[in-house]
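The structure appears below as structure tokens.
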Amino acid sequence: MTEIADIYKSRLANLDGWRDAGIEPYAEKVKVTHHAGGLQEKYAEIEAGFETGDTVTVAGRIMSVRNNGMFIDLQDHTGKIQIFSHKQNLDPKYMETLKLFDLGDIITVTGKVRRTPRNELTINSEHIQLLSKSLQPLPEKHHGMTDIELRYRKRHIDLTDNEISKDVFIKRSKIITAIRQAMLDEGFLEVETPMMHPIPGGATAKPFVTHHLALDQQLYLRIAPELYLKRLIVGGISDKIFEIGRCFRNEGLSPKHNPEFTSIEAYQAHANYEDMMDLVEKTVQAAVKAVHGTTKVTYKEQEIDFGGSWPRKSMTELVKEKTGVDFLETTDAEEAIKKGRELGLDVPDGSNWGQVVAIAFDEKVEATLIQPTHVTDLPLDISPLAKAKPSNPRLTERFESFINGWEIANAFSELNDPFDQYRRFKAQSEQKDAGDDEAHHFDEDFIETLEFGMPPTGGLGIGLDRLVMLLTDSHNIRDVIAFPTMRPAAAASLVTKMDGKT
RNA sequence: GAUCGCUUAGCUCAGCCGGUAGAGCAACUGACUUUUAAUCAGUAGGUCGAGGGUUCGAAUCCCUCAGCGAUCACCA
């Protein structure tokens, strides 16, 4: 017999013990009057040895047991509190069932609150009862579950066990709530658009493909909600809309990339990219304040200040600062490629002017942008949905916001000229034909949408997972996604674990 | 996709130059209504990630594969 089976069987025996005692081991709910955290706070000041006489009912998980079940550490979602089960207070019939408890069991306790002579806030149990039996062993109580892979695969254990992990997901929720609230405060309407697209659009990325049976139709999981949100702007449902939701990209995994990730996209009619910069600052600052109470955050021992108005610098200007090369002075792609290669950049043959600028920026500038910075005026070649800059048609009214060397936001004055959009899609589809499987698809329906007339509009996207990473000092995106995408676990280990259960 | 590293009991980890598989916690039996990582005595628990090879002998050396991590590449 393997040991896991041993533990499992002993717990099963205890489960039967409850039934023998006439108590259902998966009980009905009880009325919980207090939580551990609240009690710790309320009675923080009482002295060691003081008995309050206040009766409370709590419920939670048994995290540790001392002295034959006399002392139990009970944990609920707010914290821990000690339970004292002594024959002075506890009905003999409950004394009998104490031995049926296992670590991890969810129980309820009613009794009076006191502080023990050893200064531990404690409930003297008068009634203690199983609410739900735990058949699986919890991780080791001192070190907890540190195996990073197991924490990702078995998040339910990680959360019961790991305060830091729990805190990250609570903060994630607060960050998203703060951003949503900031958008609502700005007068934006929250909307929803399809996640299954007949033509994937709105971003440069490889999509997931799926198939609808009844329609016999190929569909793509969305890589961005952008084009649908613009359709809503055309429709005029509101001048200000936003969507918070999942996007899916069929690309490599890394500490900064999960195949599904959460973004916010916002569109504002009669606004432009400069208005979007203000909006990025407002929403991100609201998120920072919601979890830190200040605008300053430490990430990997580096202080990042999200406060104030962030510097706005053009991409070509930044490249010039770092390399001495002003790509605005290059007249065509060939000259740009030559200059780029002189800088030691790996520039593929056939790159266009904008792609060279982007490579120079990625290689030479990106990693240096630690403090929040809006990088503006991105090349038109790499911005197929952004409006060209009137003063320089090679550039667009687009910016990306960088923090800690990461692109956190991407925004622009939306291209609303259907003729221009037609030409951009055409250029993209030529790139696609040339073998670029990330180039945008040609979306005729979207062209038609623009033909109805879209007002001048500013659009914005923010990657929320990365923002959560920054605000929780998390160094892997999997630490901020409750159930990150994982390869299937080795079959053998799972089967072994299941063996004992039958 | 490339390089490097990790994988030993349910959990956390030792295991050196190849020589019978180890500890703590958890579990089980017993003692004690006593605590703060409770204590004491005892018991049990292993396909050493998987497969192959070298060897008299492999957790250990070699090869292949898998999962995970870090870095790089693509991307947000």
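This one's a predicted model, so the numbers in the text were calculated from it and none came from an experiment. We use all heavy atoms of the structure for the numbers below, so side chains are in, but hydrogens, waters and symmetry mates are not.
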Mind listing the N/O atom pairs, protein and nucleotides 37-42 of chain B, below 3.5 Å?
from	atom 1	to	atom 2	distance (Å)
B:rA37	N3	A:His142	ND1	2.5
B:rA37	N3	A:His142	NE2	2.3
B:rA38	OP1	A:Lys141	NZ	2.6
B:rA38	OP2	A:Arg66	NH1	3.3
B:rA38	N9	A:Asn67	OD1	3.1
B:rA38	N7	A:Asn67	N	3.0
B:rA38	N7	A:Asn67	OD1	3.0

> Going by distance alone, is a donor N or O of one side chain under 3.5 Å from an acceptor N or O of the other, for A:Thr204 and A:His440?
Replying inline: yes

>> Pairing check on B:rU47: which nucleotide meets the Watson-Crick or G-U wobble criteria with it, both distances under 3.5 Å?
In response: none

>> With a 4.0 Å cut-off on N to O distance, would you call A:Asp158 and A:Lys166 a salt bridge?
In response: no

>> Using a heavy-atom cut-off of 4.0 Å across all strands, would you classify A:Arg478 as base, sugar-phosphate, or nothing?
In response: sugar-phosphate

>> Considering every strand and a 4.0 Å limit on heavy-atom distances, what is the contact class for A:Asn258: base, sugar-phosphate, or nothing?
In response: base

> Which one, B:rU36, B:rC28, B:rU71, comes nearest to the side chain of A:Thr116?
Replying inline: B:rU36

> Across the strands shown, which category fits A:Ser263 at heavy-atom distances under 4.0 angstrom: base, sugar-phosphate, nothing?
Replying inline: nothing

>> Does A:Gly144 reach a base, just sugar-phosphate, or nothing at all? Heavy atoms under 4.0 Å.
In response: sugar-phosphate

>> Students often get this wrong, so: under 4.0 angstrom with heavy atoms, is A:Asp147 touching a base, only sugar-phosphate, or nothing?
In response: sugar-phosphate

> When we call it a touch if two heavy atoms are under 4.0 Å apart, what does A:Tyr152 touch: a base, just sugar-phosphate, or nothing?
Replying inline: sugar-phosphate

>> Quiz question: by atom type and distance under 3.5 Å, do the side chains of A:Asn124 and A:Arg114 form a donor-acceptor pair?
In response: yes

> Given that both distances must come in under 3.5 Å, which nucleotide forms a Watson-Crick or G-U wobble pair with B:rC25?
Replying inline: B:rG10

> With a 4.0 Å cut-off on heavy atoms, is A:Gln82 in touch with a base, just the backbone sugar-phosphate, or nothing at all?
Replying inline: base

>> By a 5.5 angstrom centroid cut-off and a 30 degree plane limit, is there stacking between A:Phe261 and B:rA76?
In response: yes

> Under 3.5 Å, is there a donor-acceptor pair linking the side chains of A:Ser314 and A:Thr376?
Replying inline: no

>> Over all strands shown, is A:Glu407 touching base, sugar-phosphate only, or nothing at heavy-atom distances under 4.0 angstrom?
In response: sugar-phosphate

> Hey, is B:rC17 sitting syn or anti, using the within-90° cutoff around 0?
Replying inline: syn

